[in-house]
Amino acid sequence: MRRVKTGIPGMDEILHGGIPERNVVLLSGGPGTGKSIFCQQFLYKGAAEYDEPSILVALEEHPVQIRENMKQFGWDVRKLEEEGRFAIIDAFTYGIGSAAKRERYIVNDPNDERELIDVLKTAINDIDAKRIGIDSVTTLYINKPMLARRTVFLLKRVISGLGCTAIFTSQISVGERGFGGPGVEHAVDGIIRLDLDEIDGELKRSLIVWKMRGTSHSLKRHPFDITDEGIVVYPDKVLKIR
């Protein structure tokens, strides 16, 4: 099975080589755990270093702000967009505002699954995308939680069917044990959970791979840091939470 390199130092070791191609991975975590950075790093590195054009579906943040945030890590996605190797789908502004008018891909009503999928298909075909990130998928069903599993299944069928590998970020509350949305853990191929815990009076970041179809993986909880160049995972270290 072909594997997709994450572009995150240390992460491929934990996954014993990378994410199996066409897998849809749920990246679950509470506020401040680094979900968006992880997703953006996966997409940027794919487009910039692995010749795998990438698409970010922006549901919770303005595309202009996303580009500025990514630039802080040295990820100039504007250049990749101009080269046809990266695309942002604006599902945040509803097409409102002068900046939104300059976006190439706009979803006017993110609650309309058909419109979202049509725009996503168009972008995938335009740049021959291989990686997709949705940040966050929770936004699509937050007001209709019982449809969470159906929504994720629908997106997975389209994305995997078009040959892409995807990361869906998912929001959970502090201390919550689930993964965000009833049944979504059964609808995806993999789950990576990011946590931020207080240990000896200090906040520590860690991640654990709960499942990943198509590959063996570490079953341990590994610490990670957010550096000036993005996330770095330490596969040779284990974090114990009391």
Side-chain angles (χ1 to χ4, degrees), residues 7 24-27 29 31 34-48 52-144 147-148 151-152 154-171 180-181 230:
V24 170
V25 177
L26 193 71
L27 186 67
K35 300 183 300 297
S36 294
I37 297 171
F38 189 111
C39 180
Q40 291 166 5
Q41 189 167 347
F42 169 77
L43 298 175
Y44 176 81
K45 294 294 185 177
E52 296 181 353
S54 303
I55 295 171
L56 174 60
V57 181
L59 282 152
E60 296 192 338
E61 198 171 7
H62 200 294
V64 172
Q65 189 63 48
I66 289 172
R67 293 183 184 98
E68 288 301 312
N69 291 343
M70 293 182 72
K71 195 179 293 184
Q72 294 177 13
F73 296 102
W75 307 333
D76 184 4
V77 291
R78 177 67 78 182
K79 181 174 182 291
L80 293 178
E81 287 179 273
E82 292 170 354
E83 295 170 353
R85 293 189 286 159
F86 195 95
I88 295 178
I89 294 178
D90 177 8
F92 174 79
T93 66
Y94 291 77
I96 298 171
S98 57
K101 298 292 190 295
R102 295 192 292 271
E103 296 297 330
R104 183 177 180 184
Y105 303 103
I106 296 176
V107 177
N108 293 303
D109 182 5
N111 295 312
D112 185 342
E113 292 175 347
R114 181 169 296 180
E115 182 190 5
L116 174 61
I117 288 172
D118 284 346
V119 174
L120 181 57
K121 284 180 176 178
T122 297
I124 290 173
N125 289 327
D126 283 351
I127 70 169
D128 193 22
K130 300 300 179 187
R131 300 187 183 206
I132 309 294
I134 298 182
D135 189 18
S136 87
V137 72
T138 311
T139 306
L140 298 174
Y141 51 73
I142 195 167
N143 295 320
K144 43 185 179 181
L147 295 179
T151 301
V152 171
L154 182 62
L155 288 166
K156 175 188 170 183
R157 191 157 52 238
V158 171
I159 290 169
S160 297
L162 291 173
C164 298
T165 306
I167 287 181
F168 295 173
T169 69
S170 173
Q171 305 169 5

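Just so you know, these numbers use all the heavy atoms, side chains as well, and skip hydrogens, waters and symmetry mates.
The CH2 atom of W75 lies 6.5 Å from the CD atom of Q40; values are rounded to the nearest 0.5 Å. Distance check: L120 CG to N125 CG gives 9.5 Å after rounding to the nearest 0.5 Å. Separating the CD1 atom in I127 from the CD1 atom in I55 is a distance of 4.5 Å, to the nearest 0.5 Å. Note that the CD atom of E60 and the OG atom of S136 stand 3.5 Å from one another [nearest 0.5 Å]. Here the straight-line distance linking atom SG of C39 with atom CD1 of I132 works out to 10.0 Å at 0.5 Å rounding.
For the pair L154/E113, a side-chain contact is recorded, criterion being any heavy-atom separation below 4.5 Å from C-beta on. Under the 4.5 Å side-chain criterion, counting only non-hydrogen atoms from C-beta, L140 is in contact with L155. Residues V57 and L116 have side chains in contact (heavy-atom distance under 4.5 Å, counting atoms from C-beta outward). Side-chain atoms of L162 and K121, non-hydrogen and from C-beta on, do get closer than 4.5 Å to each other.
Relative ring orientation between H62 and F92 is described as perpendicular, the plane-to-plane angle rising above 60° on a 0-90° scale split at 30° and 60°.
In terms of heavy atoms, G230 sits closest to F73 at N-CD2, 3.4 Å. Across all non-hydrogen atoms, the minimal contact from D135 to S36 is OD2-OG, 2.6 Å. The nearest pair of heavy atoms linking D76 to Y44 is N-CE1, 3.7 Å. The heavy-atom pair separating P110 from A91 by the smallest distance is CG-O, 3.1 Å.
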Take V24 and S160 through the test side chain to side chain contact (heavy atoms under 4.5 Å, CB included) and record every step on the way to the result. CA-CA 7 Å; V24 170; S160 297; 3.8 Å; yes
Step-by-step side chain to side chain contact (heavy atoms under 4.5 Å, CB included) determination, Y94 to N108: CA-CA 4 Å; Y94 291 77; N108 293 303; 5.7 Å; no
Take K79 and E82 through the salt bridge (Lys or Arg N to Asp or Glu O under 4.0 Å) test and state the conclusion after the steps. CA-CA 5 Å; K79 181 174 182 291; E82 292 170 354; over 6 Å; no
Side chain to side chain contact (heavy atoms under 4.5 Å, CB included) for L56 and I89? Distances and angles first, verdict last. CA-CA 6 Å; L56 174 60; I89 294 178; over 6 Å; no
Report the C-alpha separation of E81 and R67 in whole Å, then their side-chain angles, then the decisive distance to 0.1 Å, and conclude whether the salt bridge (Lys or Arg N to Asp or Glu O under 4.0 Å) test is met. CA-CA 11 Å; E81 287 179 273; R67 293 183 184 98; 2.8 Å; yes
Intermediate values then yes/no, side chain to side chain contact (heavy atoms under 4.5 Å, CB included), T169 and I134: CA-CA 6 Å; T169 69; I134 298 182; over 6 Å; no
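Under the 3.5 Å distance criterion, the side-chain polar atoms of R85 are matched with a main-chain donor or acceptor of A47. Using modelled atom types, one side-chain atom of T138 and one backbone atom of Q171 make a donor-acceptor pair closer than 3.5 Å. Between the side chain of D90 and the backbone N or O of T93 there is at least one donor-acceptor pair closer than 3.5 Å.
Remark: the E61 side chain and the N69 side chain contain an N/O donor-acceptor pair separated by less than 3.5 Å. A donor and an acceptor atom, one from each side chain of Y105 and D126, are located under 3.5 Å apart.
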